[in-house]
Amino acid sequence: MRQYLNENGFLDIETPFLTRSTPEGARDYLVPSRANPGQFYALPQSPQLFKQLLMIAGFDRYYQIVRCFRDEDLRADRQPEFTQIDLEMSFVTEDDVMAVAEGMMARIFDQVQGCSLALPFPRLTYAEAMDRFGLDKPDTRFGLELKDVSDIMKTSGFKVFAEAVAKGGIVKALNAKGCIDFTRKEIDDLAALVSVYRAKGLAWIKVREDQWQSPIAKFFSEAEKAELTRRLEMQPGDLVFFVADSARIVNDALGNLRNHLGDRLGLVDDAAFNFLWVTEFPMFEYDETEKRYQALHHPFTAPLEADLDKLEADPLGLRSRAYDLVLNGSEVGGGSIRIHQRDVQERVFKALGMAPESYEEKFGFMLSALDSGAPPHGGIAFGFDRLTMILCGQPSIRDVIAFPKTQKAACLLTNAPSEAAQAQLDELSIRVRRLAPES
RNA sequence: GGGGGCGUAGCUCAGUUUGGUUAGAGCGCCGGCCUGUCACGCCGGAGGUCGCGAGUUCGAGUCUCGUCGCUCCCGCCA
């Protein structure tokens with residue numbers, strides 16, 4: 001990686017770990033400042049602003065293999081401290097960043113796996129990924145694609161489907177080819193699986209030679225059946241699943257069901273490395289709890305030029321110049337072309353519900369840097385641990401991290417975290433509140 | 001914050017459903033044999049508070065309750 005990046009004119013530059021907390025994004029790890037009682041540093045979630053400032057300062061190709069910190073709950077592929085291969089380039093477009101990323105992946109896979117990757121990697125827009133796979137990180141090692149059947153179902157006699165469409169939701173289907181022998185219990189178990197993603201049910205049709213065996217088939221007209229058969233390519237022996245709800249729930253449920261079935265039916269080639277770019281992510285999503293828009297990627301991502309007028313008019317319809325690198329259904333990298341104009345950056349902050357005083361206080365240094373003639377720039381960061389995990393064929397990120405944290409973010413070796421001595425706390429002007437033993 | 005799984009020898013695990021004498025296997029370890037295959041073979045051996053604590057029972061690895069830990073998932077992860 002270093003060789004590749006050095007050869008391509010990238011300069012390795014370190015950025016601070018003791019930095020300031022930023023409002024957007026994951027929960028920060030805070031570090032108390034002894035010299036400034038009552039004040040705290042935050043460990044960086046990524047060197048995002050620093051690398052942008054480096055671009056503005058004239059370093060046109062930067063990289064860093066850097067530890068990042070996010071205080072969120074752990075998963076099989078998530079540690080609270082993790083390593084990114086972080087890079088940024090000036091005067092570039094998506095294509096330039098992707099080409100560098102592809103070249104680096106090709107080098108890594110050639111040297112580590114001895115396999116040559118086909119370049120360039122396929123690209124899929126976010127909209128198409130969601131439509132066909134239900135997830136923004138589709139595993140393209142197998143088929144089983146989802147099909148939207150909302151238009152057929154909106155007038156059907158099956159009220160659950162028709163009403164879901166009437167309320168602005170969708171109905172999608174997944175044809176599990178040849179799975180007609182699934183037992184009632186197995187189907188019930190799959191229904192339980194999708195209920196985790198808030199799907200209220202899992203409808204199904206077993207396609208027999210002469211008829212459909214299904215709790216819902218009786219609600220469909222002959223015309224509807226014919227159209228379903230055509231669109232879902234239904235053949236005798238097939239088992240077709242349906243979920244109706246909001247688009248978010250339907251995609252989440254069927255997308256995860258698809259991955260489950262792909263694995264269970266042995267459709268996944270373990271030796272394959274399927275890379276895929278997902279592009280044109282939405283700029284914002286709506287946070288129901290906080291009642292405001294949130295950046296899907298981060299607030300410094302440039303909106304798609306063609307959508308710029310939606311920034312105020314239709315924030316949810318606004319697409320961004322963000323891209324993710326997906327490998328075998330796992331997000332292994334993500335980046336974007338950044339905002340390099342102050343007025344656009346301010347409009348984005350405002351769309352996020354931040355008042356000028358607020359963003360001036362938190363990001364004033366960034367805004368004034370943009371004022372000083374920022375070049376168009378963009379970059380990407382790869383999850384090094386996650387990439388290594390996949391390269392090693394391991395199911396857990398802990399398998400490739402020395403001294404990993406447990407799921408409760410503890411280190412069993414050193415017994416960290418631990419209580420601090422009173423003298424240390426005194427120096428830091430920190431008073432610890434004891435939790436009540438029972439509550 | 002919520003739901004599930006697991007905790008038995010140094011390691012990986014079986015045994016728990018239907019409670020019953022000395023709790024098993026593979027690998028590893030120790031000793032011996034073999035000795036032109038010191039990552040082979042043969043023989044023998046050491047090694048376990050069955051996570052912890054209560055309870056039920058004549059009797060608990062097995063059942064009940066509690067507790068601790070690990071783990072997977074949902075939420076969360078700009």
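Small disclaimer: the values here were computed from a predicted structure and weren't measured. Protein chains get the first letters and strands the later ones, always in sequence-line order, with residue 1 at the start of each.
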Notebook entry, point to check: So does K405(A) have more than 12 non-hydrogen atoms from other groups sitting under 6.0 Å from NZ?
Noted result: yes
Notebook entry, point to check: Should the ring pair Y63(A) and F10(A) be called parallel, tilted or perpendicular, given that the plane angle runs from 0 to 90° and is split at 30 and 60?
Noted result: perpendicular
Next item on the list: Only one of F365(A), F349(A), F300(A) passes ring-ring contact (aromatic ring centres under 6.0 Å, His included) with Y359(A); say which it is.
Entry: F349(A)
Notebook entry, point to check: What are the residues of residues 76-90 of chain A, sorted by number, that bring a heavy atom to within less than 4.0 Å of RNA chain B?
Noted result: A76(A), R78(A)
Item checked: Centroid-centroid under 6.0 Å between F158(A) and F161(A) rings -> yes
Note to self: From C-beta outward on K408(A), which listed nucleotide comes closest to its side chain: G75(B), C70(B), C74(B)?
What the structure shows: C70(B)
Item checked: Contact under 4.0 Å: R75(A) side-chain N or O vs C74(B) OP1/OP2 -> yes
Check: Between residues 385-395 of chain A and RNA chain B, which residues have a heavy-atom gap below 4.0 Å?
Finding: none
Note to self: Using atom C1' in both nucleotides, what's the gap between G75(B) and G2(B) to the nearest angstrom?
What the structure shows: 8 Å
Next item on the list: Examine R258(A) relative to F142(A) and say whether NZ or CZ is less than 6.0 Å from the centre of the six-membered ring and inside a 45° cone about the ring axis.
Entry: yes
Notebook entry, point to check: Among G75(B), U71(B), C77(B), which is the nearest nucleotide to the side chain of A26(A)?
Noted result: C77(B)
Checklist line | Options G1(B), C73(B), C70(B), nucleotide nearest the side-chain atoms of D73(A) | finding: G1(B)
Note to self: Tell me which one of Y323(A), F133(A), F281(A) satisfies ring-ring contact (aromatic ring centres under 6.0 Å, His included) with Y126(A).
What the structure shows: F281(A)
